[in-house]
Amino acid sequence: MISKRAQAISPAATLAMSKLAKDMQTDGIDVINLGVGESDFQTPENITTAAIAAIQADKTSFYTPAGGLDELKQAIVDDVKRRYDAVIARNNVVVTTGAKLSLYALMQVLINPNDVVVSAAPLWVSYVEQIKLAGGQLKTIQANNIALKLTRADLEMVSDPIKVVIVNSPTNPTGAVYTRDEITDILDWAKTRDTYVILDEIYGQLVYNGTQFTSGLQLQELENSHMIIVDGVSKSYAMTGWRIGWTLASSEIIAAMNKLVGHLTSNPTAVAQYAAIAALTGPQDAIESMRLAYEQRLNTTFDRLNNVPGLHVAVKPQGAFYLFPKVSDNILSAAGVSSTYELSLKILQEAHVALPAGEGFGMPGYLRMGYAKDQAVLDEAIQRLTIFFKQYI
């Protein structure tokens, strides 16, 4: 019999919706898949060329250290210095098979049964299941601000001792970016308690319209602190398929993670590590080109989506590449469904647009729309959504 632990896990809402869309595409149906967190850009050529060169140089056939190649760790150390003028050491770095594995390993390393973990709602879908698998208790806070960001005041309202706080900035699914003062307040609050703060900064280089991103690395030292940074190459370098992420933390946390990932994966895929080295040490202009494209798509698509009857995005995203529109209260009953999850399935079946429902993000009543696609594709999706929703207004 399958274990109770495995039976308790819910499938990732984004991947589940994407699979349904891909199944329909396989059947010849013209589905616009805006359900998964990746762009339509190819990995920059200098990165793929470096990967091929590593294979041809016979560098990729054997195990690497469990926590990543020293050369890659050094590239991450140097990148931190370049981007944030912060000093860390290689023993503050563990490389993992994607940032998702970094987060999973962190939950296993930090959380004991019934430890309390706090994050704002909406939140990325995998946090929920990762905390569950570690035996923790997730407390999501419906933030008392229009941008749906977690605040120090929210944390002070939680009566139970908090073991871990998760802050995702820029946020998936809202695109909100925490200000320097907001991050500082949360870190200062955590210092007065035995609380870890995980800052998921995977979208940190994708901010728009003059928004300033603040990393925790700009605010306090890493060694001997409870601050933890999660990052990777997936989003900024269009490398979702390569699966390279990392955790930056105090050395005792990294040592514990190294032990764990050694049993989970032995090591991150060797050729992908060499690709990541090239990403971090090579030209960085591709990031800005993609960022500008996302910014233009955001500025165009935000206004057009808000003209779809029955959908509304209250705050324009500042980062990442998602819109998180609220569905008008009367739409569900008019459409003959009881939840936005059922509505998302109806949209997929009838309008052939894949949008994950807010339930997967801890926020019923919303849909998530990725805008990291060509503008013509986004415009076609909005046209289909307009036709779909007009039936119920």
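Side-chain atoms are counted along with the backbone in the values below, which use heavy atoms only and exclude waters and symmetry mates. Since the model is a prediction, treat every value here as computed from it, not as a measurement.
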Query raised in the report: salt bridge (charged side-chain N to carboxylate O under 4.0 Å, His left out) with Asp70: which residues, sequence neighbours excluded?
Result: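 Not a single residue meets the salt bridge (charged side-chain N to carboxylate O under 4.0 Å, His left out) criterion with Asp70.
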Shortest non-hydrogen contact from [X] toward [Y]:
{"X": "Lys73", "Y": "Gly68", "value": "CE-O, 3.6 Å"}
{"X": "Gln7", "Y": "Met1", "value": "NE2-CG, 4.1 Å"}
{"X": "Lys163", "Y": "Asp115", "value": "NZ-OD2, 3.1 Å"}
{"X": "Pro122", "Y": "Thr174", "value": "CG-CG2, 3.4 Å"}
{"X": "Leu103", "Y": "Ile198", "value": "CD2-CG2, 4.0 Å"}
{"X": "Ala51", "Y": "Ala275", "value": "CB-CB, 4.1 Å"}

Query raised in the report: With under 30° as parallel and over 60° as perpendicular, where do the rings of Tyr84 and Phe213 fit, or are they tilted in between?
Result: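 Tilted: the ring planes of Tyr84 and Phe213 meet at 30° to 60°.
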Query raised in the report: Is there side-chain contact between Thr171 and Phe361, with at least one heavy-atom pair below 4.5 Å?
Result: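 Heavy-atom side-chain distance check fails, nothing below 4.5 Å.
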Query - Any side-chain heavy-atom pair of Ile331 and Leu311 under 4.5 Å - result: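 A side-chain contact is absent here, since even the closest heavy-atom pair is not under 4.5 Å.
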Query raised in the report: Cationic tip of Arg297 within the cone over Tyr371's six-membered ring, i.e. under 6.0 Å and within 45° of the normal?
Result: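 No, cation not above the ring by the 6.0 Å, 45° rule.
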Requested in this report: Please confirm whether Lys235 makes a cation-pi placement over Phe321, using NZ or CZ under 6.0 Å from the six-membered ring centre and within 45° of the ring normal.
Outcome: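 Pair Lys235/Phe321 does not count as cation-pi.
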Requested in this report: Take atom CD of Gln375 as the centre, draw a 6.0 Å sphere, and report whether it contains more than 12 heavy atoms from other residues, nucleotides or ligands.
Outcome: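 Yes, the 6.0 Å shell around CD holds more than 12 heavy atoms from other groups.
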Report task. Given side chain to side chain contact (heavy atoms under 4.5 Å, CB included), test Ile254 with Asn91 step by step and report yes or no. Result -> CA-CA 7 Å; Ile254 297 301; Asn91 66 356; 5.8 Å; no
Would you please name every residue forming a side chain to side chain contact (heavy atoms under 4.5 Å, CB included) with [X], sequence neighbours left out?
{"X": "Ala99", "result": "Ile202, Val230"}
{"X": "Asn306", "result": "Phe302, His312, Val313"}
{"X": "Ala376", "result": "Asp374"}

Verify, without hydrogens or angle tests, whether [X] (side chain) and [Y] (backbone) share a donor-acceptor contact under 3.5 angstrom.
{"X": "Gln318", "Y": "Pro170", "result": "no"}
{"X": "Glu129", "Y": "Ala12", "result": "no"}
{"X": "Ser328", "Y": "Gly310", "result": "yes"}
{"X": "Thr43", "Y": "Ala238", "result": "yes"}
{"X": "Thr64", "Y": "Asn267", "result": "no"}
{"X": "Arg384", "Y": "His352", "result": "yes"}

Query raised in the report: Given a cutoff of under 4.5 Å between side-chain heavy atoms of I, L, V, M, F, W and Y, with clusters grown through shared members, what are the other residues clustered with Leu15?
Result: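 Besides Leu15, the hydrophobic cluster comprises Val36, listed by chain and residue number.
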Query raised in the report: In the hydrophobic clustering (ILVMFWY, side-chain contacts below 4.5 Å, transitive), which residues join Met24, or is it alone?
Result: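 Result for Met24 is Met17, Leu20, Ile29, Val31, Tyr341, Leu345, Leu348.
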Report task. Answer with yes or no whether the side chains of Asp78 and Gln74 bring together a donor and an acceptor at under 3.5 Å. Result ->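 The answer is yes; a qualifying pair exists.
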Requested in this report: Would you check if there is a donor-acceptor pair between the side chains of Asn46 and Thr49 at a distance under 3.5 Å?
Outcome: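 Looking only at side-chain atoms, Asn46 and Thr49 do not form any donor-acceptor pair under 3.5 Å.
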Report task. Could you point out which residue of Leu138, Thr140, Val117, Leu133 forms a side chain to side chain contact (heavy atoms under 4.5 Å, CB included) with Val128? Result ->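 Of Leu138, Thr140, Val117, Leu133, side chain to side chain contact (heavy atoms under 4.5 Å, CB included) with Val128 is met by Leu138 alone.
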Query raised in the report: Just how far is it from atom NZ of Lys4 to atom CD1 of Ile9, taken to the nearest 0.5 Å?
Result: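 So the gap between those two atoms works out to 15.0 Å.
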Report task. Salt-bridge test for Asp79 and Arg82: reply yes if a basic N is under 4.0 Å from a carboxylate O, no otherwise. Result ->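 Looking at Asp79 and Arg82, the cut-off is met.
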Report task. May I ask you to say whether Glu342 pairs ionically with Lys346, meaning some side-chain N is under 4.0 Å from a carboxylate O? Result ->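 Salt bridge between Glu342 and Lys346, a charged N being under 4.0 Å from a carboxylate O: no.
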Requested in this report: Decide side chain to side chain contact (heavy atoms under 4.5 Å, CB included) for Tyr237 and Gln284; before the verdict, give the C-alpha distance in whole Å, the side-chain angles of both, and the deciding distance to 0.1 Å.
Outcome: CA-CA 9 Å; Tyr237 295 93; Gln284 302 296 300; 2.6 Å; yes
Query - Audit row: Tyr294, Tyr203, ring-ring contact (aromatic ring centres under 6.0 Å, His included) steps and yes/no - result: CA-CA 12 Å; Tyr294 299 145; Tyr203 295 98; 9.6 Å; no
